[in-house]
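What follows is a short report on a single structure.
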Amino acid sequence: MTKIKRRVIWAAIAAYATVFFLTSDTLLAFPLLRDPSSVFCLPVTAGIAFLYLKAFFPFDRRRILISFVSGILMGLMFILGVRYSVNEVPAPSAFGFLTALLAAALLFSAFISLLLKSLSLVPARTGSAAAEKTGVKTLAALFAVTFAVYAAAFLAVYPGIYSYDASVQVLQFFGDNPVTSHHPILHTLFLCGSLKAGEVLFHSYQAGLALYSLIQITFMAAVITFVLYRMVRRNVPNWLVILSWLFLAANPYMQVLALLTTKDVLFGAFFLLTFDFSIDMVSDPERFFSSRIMQAGFFLSAFFSCLFRNQGIHVFIFFSLFALVFFIRHKNSGKARKLALRWTICAAALSVVYLTLNGPVLTAFGVEKGDAREMLSVPMQQLARVWHEAPESLTREEKAYIESLILPEALDGYVRVNADPVKSGFQTNVVKEDPLKFVGTWAGIGAKEPLIYLDSFLMGNWGYWYPGETQYWISYIMFDGAFLEDEYNVLHIFRNSRFPWYNNYLRTISLTPEFEKIPLLSLILNQAFPFWLMLAAGTVSIYRKQTCLLVSLSLILGYWGTLLLGPVTGVRYAFPLMLCVPLLFELFMYGTAGRVEN
């Protein structure tokens, strides 16, 4: 038998097994690929066989191994994601789950392997006269058109999308609530300062919110312009620059997110800049540390990302550890110690300054610390889940402890997908009185009910790692505001649209995401897409032997990891990751090319 025939037979058998294990009505509760009785199963099987033939042959052990590692992870997220999106276990037995996982892993491995084989077809970037001549006029024109589309959305939702926690933050300065660091104090000052400026200058808090929104979209337009301008200077193909602009600026979904009165927006802008500069740093460390402008750009962006999101410092420290290892193991061993030392000094200085400002300085000004329950969403949900669904596994002491830790009405309000109802009645003082008892009780119950703990954890964050169809509450945006009752909305902010028709359109796409009906668009705008793109970019970086880029990708991984510990999956939390999609795609396509040369 010839080599070609053996390959064809192997591909056909593997394709048949893939389709069988992903559609079997005996092993699965429902088909994961297609209905096994569908007439499309035969052409689908043939298509998968052709994919396997092209992806796995000629056989390259390194490429296949790298592809299969990513394929297993993607297959696992696919199987589990389907389970949570339809709220039904797809494989009742362990054998059905494992065979479906293996089939899905093989399928995703084939896609990854084919992508890796196709990298050689990506044309190399070469310097162009147009890129060299790109200057202030191009920068100004790009900013003008970006600001114009954001301004149109701003006028449509005038004076802004006063939503989520804005009213609660305002009560700290315009009401009786104490000033706390629960929300980043810099963002609270910016929001309340803008409102006060509107009242002083124009005798209108409406004008104050308009001022806030105008400053925010101006800064967002400037950051997007800067990032795209740098892409042009790196000779990124025009088609990718145009698509990036359409995604970041012309995309109405992103316009709505950019106009929210939440900390996520400005944090996202600084996070994007930090990510961009970090790629420069690992691509050419000597050049980075010889440029004061690049160092200032990176460290200022990182510093302000910490100030606009409380977990920003944790993400930066996580990234710093990866960067330190990278510098220690730098290919130029003669400079490794010097680079590692400079990085350690700079990263430590940033961390110390932030912790000083966010600790002793705020305390000196009378700012109270935020409630620690914000960091305990996962364990409180797990305890409430066991209390509801497996009370027989709890001892009398454990049950009494849970009921002292979480108020009865909060326990009664428990829902699987959102920790906010339980969090509203969580008694942090009980934890503070005896932290070891809290940890011991939580761990002891988890040892008895590990599957409930795992299921509770994944139920709370599957929207961040499964890019398929999402439930309504994940993509939902509070477009028309939140906490607008008189007791919260003490400044009486209201919507006064200048473009009612566009306001209605933006409301429609925010409350009933129309993009999910369009296959490719539903994937790109999904809040899990940045994580999958990060996986693809990381896989390609390893295959290209440009592992330095894994350091920059650790920023994405670090922030994504903090989202998994949050109270609920929400698209606004994923906004900073979505802003990084164009740069992630550039890394996937070209790696460090253009960063070192320019």
Side-chain angles (χ1 to χ4, degrees), residues 181 184-186 227 230 267-363 375 534 537-538 541-542 545-563 565 576-577 580 583-584 587 591-592 595-596 598:
S181 60
I185 195 66
L186 183 60
V227 171
R230 296 189 75 216
F267 167 78
F270 285 113
F271 185 80
L272 173 61
L273 290 174
T274 305
F275 181 56
D276 195 7
F277 282 119
S278 76
I279 302 171
D280 289 326
M281 183 182 72
V282 299
S283 298
D284 194 344
E286 291 88 350
R287 176 172 171 264
F288 175 84
F289 281 109
S290 65
S291 170
R292 292 182 179 179
I293 294 177
M294 294 182 72
Q295 290 181 72
F298 172 79
F299 285 107
L300 284 174
S301 299
F303 182 64
F304 277 98
S305 69
C306 294
L307 290 178
F308 274 102
R309 200 100 170 88
N310 288 334
Q311 70 255 51
I313 187 63
H314 305 295
V315 177
F316 178 75
I317 292 173
F318 180 76
F319 165 80
S320 296
L321 296 176
F322 279 83
L324 181 60
V325 172
F326 166 71
F327 288 127
I328 292 174
R329 298 173 59 87
H330 190 255
K331 58 185 178 182
N332 189 338
S333 58
K335 294 184 178 181
R337 180 177 297 180
K338 181 180 178 181
L339 291 172
L341 181 61
R342 292 191 67 174
W343 170 254
T344 301
I345 293 173
C346 293
L350 186 150
S351 301
V352 169
V353 172
Y354 168 79
L355 293 173
T356 302
L357 287 175
N358 205 50
V361 173
L362 290 186
T363 301
M375 300 182 293
M534 182 207 71
S541 299
I542 293 172
K545 299 182 179 180
Q546 294 180 350
T547 51
C548 63
L549 293 177
L550 298 181
V551 178
S552 293
L553 293 176
S554 70
L555 271 174
I556 305 294
L557 180 63
Y559 179 65
W560 176 82
T562 65
L563 297 183
L565 305 177
L577 299 179
C580 296
L583 291 181
L584 285 169
L587 289 185
T592 60
R595 296 276 180 174
V596 178
N598 296 310

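Residue numbers start at 1 and run along the sequence shown.
Considering every non-hydrogen atom in both Met534 and Leu553, the closest pair reads SD-O, 3.8 Å. Annotation for Ser301 and Gly297: closest pair OG-O, 2.6 Å, computed over non-hydrogen atoms. Heavy-atom minimum distance, Ala323 versus Met281: CB-CE, 4.3 Å. In terms of heavy atoms, Leu357 sits closest to Leu362 at O-CG, 3.1 Å. For the pair Leu307 and Pro184, the tightest heavy-atom approach, listed with the atom from each and the gap, is O-CB, 3.1 Å. Of all non-hydrogen atoms in Ile328 and Ala336, the two that sit nearest each other are O-CB, 3.6 Å.
To the nearest 0.5 Å, the span separating CZ on Arg342 from CZ on Phe327 amounts to 10.0 Å. Once rounded to the nearest 0.5 Å, the distance linking OG1 of Thr592 with CG of Leu549 reads 6.0 Å. Here the straight-line distance linking atom SG of Cys306 with atom CG of Leu355 works out to 8.5 Å at 0.5 Å rounding. Note that CG of Asp280 and CZ of Phe298 are 10.5 Å apart. Values are rounded to the nearest 0.5 Å. Rounding to the nearest 0.5 Å gives a distance of 9.5 Å between CG of Leu565 and CD of Gln311. Distance check: Thr274 OG1 to Ile279 CD1 gives 11.0 Å after rounding to the nearest 0.5 Å.
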TODO: Test ring pair (Phe, Tyr, Trp, His ring centres under 6.0 Å) on Phe322 and Trp343 and set out the steps.
DONE: CA-CA 11 Å; Phe322 279 83; Trp343 170 254; over 10 Å; no

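Annotation: side chain of Phe277 is in contact with side chain of Arg230 (closest heavy-atom distance under 4.5 Å). Between Leu583 and Leu272, some side-chain heavy-atom pair lies under the 4.5 Å cut-off. Side-chain contact between Ile313 and Asn358 is absent, with no heavy-atom pair separated by less than 4.5 Å. Side-chain contact between Arg329 and Thr547 is absent, with no heavy atoms from C-beta onward closer than 4.5 Å.
Tyr559 pairs in a ring pair (Phe, Tyr, Trp, His ring centres under 6.0 Å) with only one of the listed residues (Phe316, Phe275, Phe267), which is Phe267.
Taking a 6.0 Å sphere around CZ of Phe326, one finds it holds more than 12 heavy atoms contributed by other residues, nucleotides or ligands. Within a 6.0 Å sphere centred on CE of Met375, heavy atoms belonging to other residues, nucleotides or ligands number 12 at most.
Ring centroids of Trp560 and Phe271 are separated by 6.0 Å or more, keeping the two rings apart.
For Gln546 (side chain) and Ser541 (main-chain N/O), no donor-acceptor pair under 3.5 Å exists by modelled atom type. Under a 3.5 Å cut-off, the side chain of Asn310 and the backbone N or O of Ser181 do form a donor-acceptor pair. Ser290 contributes a side-chain N or O that, together with a main-chain N or O of Glu286, makes up a donor-acceptor pair within less than 3.5 Å.
Ring pair Phe303/Tyr354 is perpendicular by interplanar angle, where above 60° counts as perpendicular and below 30° as parallel.
A side-chain donor from one of Ser278 and Ser552 sits under 3.5 Å from a side-chain acceptor of the other.
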